[in-house]
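Since this is a predicted model, take the numbers as computed values, not measurements. As a basis for the values below, the full set of heavy atoms in this structure was taken, side chains included, without hydrogen atoms, waters or symmetry mates.
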Amino acid sequence: TSVPMMISWRLVQAVGACANVVLSRAMVRDLYGGHQAARMLSVLMTVMAVAPLIGPSVGGLILRMASWHAIFWLLVGVGLLTLWSLRGLPETLPPERRQSLHPVYLGKTYWKVMTSPVFLFACGGLAFNFAGFFLYIMSAPVLLVTVKTSAASP
């Protein structure tokens with residue numbers, strides 16, 4: 001009903017979407033090694049690359065049948081279904097490889113990672129890569145409509 005509410009719910013949606021990406025990669029790391037891990041990560045990357053490409057088409061189909069609100073309610077349903085399906089998912093990391101969840105330990109570990117030049121360099125490269133990818137996804141519909149409209153007019 002308001003812009004701040006929409007931003008808040010989009011933040012919740014983003015956290016949920018990011019959790020899926022991180023958890024799936026962690027599970028592959030826990031369960032596979034070597035060539036099998038590379039194969040599984042390749043499958044994950046394919047799914048993650050295809051999903052944003054078909055998303056606008058699915059969204060357009062939903063808009064033909066319902067209002068834009070239906071898209072968000074569908075995503076709520078998918079999120080709830082995902083949460084429900086996680087109930088039976090076992091922990092994939094063996095007990096001997098697990099680390100403490102104590103806040104002090106977590107804080108020190110996050111600080112170590114966030115101050116690592118190797119991590120910051122890799123993260124910066126990925127950020128620019130994804131920025132270009134999402135710039136394309138965001139601008140493609142506008143360009144298609146503009147080019148189509150200008151090509152149709154005399």
Report summary line: In short, ring-ring contact (aromatic ring centres under 6.0 Å, His included) pairs touching residues 30-88 with sequence neighbours left out are Trp68-Phe72

Compile the donor-acceptor pairs under 3.5 Å between side chains in residues 137-144 and protein atoms, sequence neighbours left out, one pair per line.
from: Ser139; atom 1: OG; to: Leu135; atom 2: O; distance (Å): 2.8

Under 4.5 Å side-chain linkage, directly or through intermediates, the cluster mates of [X]:
X	result
Val118	none
Leu120	Val113, Met114, Phe119
Val22	none
Val3	Ile7

Query raised in the report: Are Trp9 and Val78 connected in a single hydrophobic cluster, I mean Ile/Leu/Val/Met/Phe/Trp/Tyr linked by side-chain heavy atoms less than 4.5 Å apart?
Result: no

Nearest 0.5 Å, please: how far is [atom2] in [Y] from [atom1] in [X]?
X	Y	atom1	atom2	result
Leu75	Arg10	CG	CZ	8.0 Å
Phe121	Leu126	CZ	CG	10.5 Å
Phe134	Asn129	CZ	CG	10.0 Å
Leu41	Arg29	CG	CZ	10.5 Å

Query raised in the report: Under 3.5 Å, side chain of Arg98 to main-chain N/O of Leu93, donor-acceptor pair present?
Result: yes

Query raised in the report: For Lys112, does its backbone N or O pair with a side-chain atom of Ser116 as donor and acceptor, under 3.5 Å?
Result: no

Residues forming a side chain to side chain donor-acceptor pair (under 3.5 Å) with [X], sequence neighbours excluded:
X	answer
Thr82	none
Tyr105	Gln99
Asn20	none
Arg39	Gln36

Report summary line: Those residues at least two apart in sequence (or on a different chain) that pass side chain to side chain contact (heavy atoms under 4.5 Å, CB included) with Pro94 are Glu96, Arg97

Query - Over all atoms of both residues, closest heavy-atom pair of Ala66 and Ala70 - result: CB-CB, 3.5 Å

**Report entry** Leu101 to Leu106 - nearest heavy-atom pair and separation
**Finding:** O-CD1, 3.5 Å

Requested in this report: Could you check Leu31 against Met40 for side chain to side chain contact (heavy atoms under 4.5 Å, CB included), going step by step and ending with a plain yes or no?
Outcome: CA-CA 10 Å; Leu31 297 172; Met40 294 304 293; over 6 Å; no

Could you give the side-chain donor-acceptor pairs of residues 43-64 under 3.5 Å, partners two or more places apart or in another chain?
from: Thr46; atom 1: OG1; to: Ser42; atom 2: O; distance (Å): 2.9

